[in-house]
**Student:** 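Got a structure for you, questions after.
Numbered from 1 within each chain, the chains take letters A, B, ... in sequence-line order.
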2 protein chains.
Amino acid sequence: MTGALLERKSGVALWRQIADLIRSDIATGSAAKNDRLPPEMELAGRYGVNRHTVRAAIAALEQEGVLRSEQGRGTFIRRRKRLSYPIAKRTRFSAGLGTQAGTTRTRLLQSGEDAASQTVSENLDIAPDTPVIRLDTVSEADGVPVSRATSWFDANRFAGIDKAFEEHASITRALAACGVTDYVRKSTVIEARHASTEDIDLLRLSAGAIVLVTRAVNADADGRPIQYSETRFAADRVELKIETD
Amino acid sequence: MTGALLERKSGVALWRQIADLIRSDIATGSAAKNDRLPPEMELAGRYGVNRHTVRAAIAALEQEGVLRSEQGRGTFIRRRKRLSYPIAKRTRFSAGLGTQAGTTRTRLLQSGEDAASQTVSENLDIAPDTPVIRLDTVSEADGVPVSRATSWFDANRFAGIDKAFEEHASITRALAACGVTDYVRKSTVIEARHASTEDIDLLRLSAGAIVLVTRAVNADADGRPIQYSETRFAADRVELKIETD
DNA sequence: TATATTTGTCTATTGATATAGACAACTAAA
DNA sequence: TTTAGTTGTCTATATCAATAGACAAATATA
């Protein structure tokens, strides 16, 4: 550990900075050998703040479900490591997480038909304002939301993919039902942002949390774009692993 | 725009949330058609806060060099769009940014010899505690810091690469001087975090800023790992573009 | 059963954050 | 020159954030 001190009057409360540090330490596994957090007094000393400030941080993480305090015993860790989400030629949600999670699920929030925006039409290589089908989904691993995505498909080519998704609860299988037996990741752009209120709601995050945003194009065997999607990952629950071959 | 409202008593001051929103709007280009920000009263209405709160946000961004206020005239944007940093089989800093920046530079902060940690030895595929050379660098585009990296090399195979870097000011050329004429990106893991105080200092960020962290392995023509590096990008200045073929 | 350790609760005080209103200073346009 | 629109500065008040100290309540252990 280096001297990762806190910043005062930065517009971010000390208790939130401490909460973020502890959460991140837990995610990377560098928090504690056992499942127990050091006593409040020791943490207060380590961060150079009052015990009550540490308590505010712990209370926030307790609210999030990351910690659990027991009077007289100590404060204990509930969650553990980040999931590693692979991005490669063949990127699929459930298969990608492999053995890291017991159960994975992608559920549909909403679907609809839009006219393709500038961005969507460019990425799908179709004319602007062409009708496209939009799917808003949330993916969970072991019941914890991991990512939310909006995907667009050419409505001419993939009519009924929304119905297919409702039936199969999987993009891969919905595409298969539309005759696309294989597809590959063509491009992925990644950025990071503070979570929006919608992210916080849907991914069950806390205020000030971070999301990793990917904008990706999948193409069929002929190299034609079939899907453009924008996905927001909870950055404290996943890391993205790029496979470059 | 959806209802991206603010959160009260979240531990993040309203003025900072507003500053982050404005900064991000500027980065994505969705801030204003011209270079002028709406009047303070209008922004206050839009965010549902007092004018003084908006002023605090503007003052912070002025301090950062993102905005410039002129009494009687208005508040103006000193625009800077996000750079798109490509990650592919052949990933090199200067070449990657291409025409997006006028000048690029990577300078050495520090170098030294360590015993390989668990992580480093695993990624370089060498025995733990083998001596490794570490290079701490900061990369700039047009004089603005974009990323900072720590790279490790097997000290047996790459003796003197620290000297070579000092001479050539480029990892690619320093490797060439050590007999590696070509190398490819083997794996890249990406996550996002709040900037540490060291990040804030070296990348000239503001409190609460986000960094994209990549952990990457480069390998030579025979597929042997030659370099492991951890890089921290200023998330408000760059996006990472993954090329999957 | 004592005793030390640890979390929980209370009171009090100070500084940072946010709201409210008024008016000065400056700019651009009528 | 006048006016409307905009940023800059000031005072005042209420709430949140952080510090400080004291003691209660629960747990583990000597």
**Student:** For A/R55 and A/G11, find the nucleotide of DNA chain C closest to each by heavy atoms; which residue's nucleotide sits nearer the 5' end?
**Tutor:**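 Looking at DNA chain C, the more 5' nearest nucleotide goes with A/R55.
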**Student:** Would you mind telling me which of B/I190, B/L240, B/T214 makes a side chain to side chain contact (heavy atoms under 4.5 Å, CB included) with A/I242?
**Tutor:**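 Only one of B/I190, B/L240, B/T214 forms a side chain to side chain contact (heavy atoms under 4.5 Å, CB included) with A/I242, namely B/I190.
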**Student:** From the 5' end of DNA chain D to its 3' end, which nucleotides mark the outer limits of contact with chain B, defined by a 4.0 Å heavy-atom distance cut-off (strictly under)?
**Tutor:**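 The protein-touched segment is D/dG5 to D/dA17.
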**Student:** Is the side chain of B/Q227 donor-acceptor paired with the backbone N or O of B/S151 at a distance under 3.5 Å, no angle test?
**Tutor:**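 Side chain of B/Q227 to backbone of B/S151: no pair is present.
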**Student:** When you match A/P39 and A/V12 each to their closest nucleotide on DNA chain C, which lands nearer the 5' end?
**Tutor:**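 Comparing both residues, the 5'-ward one is A/P39.
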**Student:** Between B/E113 and B/R134, is there a side-chain N and carboxylate O pair less than 4.0 Å apart?
**Tutor:**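 No salt bridge links B/E113 with B/R134.
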**Student:** Taking CD1 from B/I18 and C1' from C/dA18, how many angstroms apart are they, rounded to a whole number?
**Tutor:**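 One finds 10 Å between C1' of C/dA18 and CD1 of B/I18, rounded.
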**Student:** My understanding is that only residues two or more places apart in sequence, or in another chain, count here; which of them pass side chain to side chain donor-acceptor pair (under 3.5 Å) with A/R232?
**Tutor:**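 If we apply the side chain to side chain donor-acceptor pair (under 3.5 Å) test to A/R232, skipping adjacent residues, the hits are A/D199.
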**Student:** In whole Å, what is the span from the CD atom of B/Q17 to the C1' atom of C/dA18?
**Tutor:**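 Result: 13 Å.
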**Student:** Can you tell me if the side-chain N/O atoms of B/T53 get under 4.0 Å from OP1 or OP2 in C/dT19?
**Tutor:**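 True: B/T53 side-chain N/O within range (under 4.0 Å) of C/dT19 OP1/OP2.
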**Student:** Indicate yes or no for a side-chain donor-acceptor contact from A/R23 to the backbone of A/L61 under 3.5 Å, with no hydrogens or angles considered.
**Tutor:**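 Not confirmed, A/R23 side chain does not pair with A/L61 backbone.
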**Student:** Between A/V49 and A/E70, name the one whose nearest nucleotide on DNA chain D is closer to the 5' end.
**Tutor:**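 Looking at DNA chain D, the more 5' nearest nucleotide goes with A/V49.
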**Student:** Scan nucleotides 26-30 of chain C against the protein and return all N/O pairs shorter than 3.5 Å with their distances rounded to 0.1 Å.
**Tutor:**
| residue | atom | partner | partner atom | Å |
| --- | --- | --- | --- | --- |
| C/dA28 | OP1 | B/R73 | NE | 3.0 |

**Student:** Given side chain to side chain contact (heavy atoms under 4.5 Å, CB included), test B/V211 with B/F233 step by step and report yes or no.
**Tutor:** CA-CA 5 Å; B/V211 289; B/F233 294 86; over 6 Å; no
**Student:** Would you kindly give the CZ-to-P distance between A/R16 and C/dT17, to the nearest whole Å?
**Tutor:**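 The answer, rounded to whole Å, is 15 Å.
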**Student:** Could you check whether A/T137 and A/T106, counting side-chain N and O atoms only, form a donor-acceptor pair closer than 3.5 Å?
**Tutor:**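 No, no side-chain donor-acceptor contact under 3.5 Å.
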**Student:** Tell me: CD of A/E40 to P of C/dT5, nearest whole Å?
**Tutor:**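 Interatomic distance, CD of A/E40 to P of C/dT5: 15 Å.
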**Student:** When you check the side-chain N and O atoms of B/S84 and B/E239, is any donor under 3.5 Å from an acceptor?
**Tutor:**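 On atom types as modelled, these side chains qualify, holding a pair under 3.5 Å.
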**Student:** Without decimals, in angstroms, what is the distance between A/L37 CG and C/dT5 C1'?
**Tutor:**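 Computing the A/L37:CG to C/dT5:C1' distance gives 16 Å.
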**Student:** Please indicate whether B/Q63 has more than 12 foreign heavy atoms, meaning atoms of other residues, nucleotides or ligands, lying under 6.0 Å from its CD.
**Tutor:**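 Not buried by this count: 12 neighbours or fewer within 6.0 Å.
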**Student:** Can you find a donor-acceptor pair, distance only, under 3.5 Å between A/R8 side chain and C/dG15 base?
**Tutor:**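 No.
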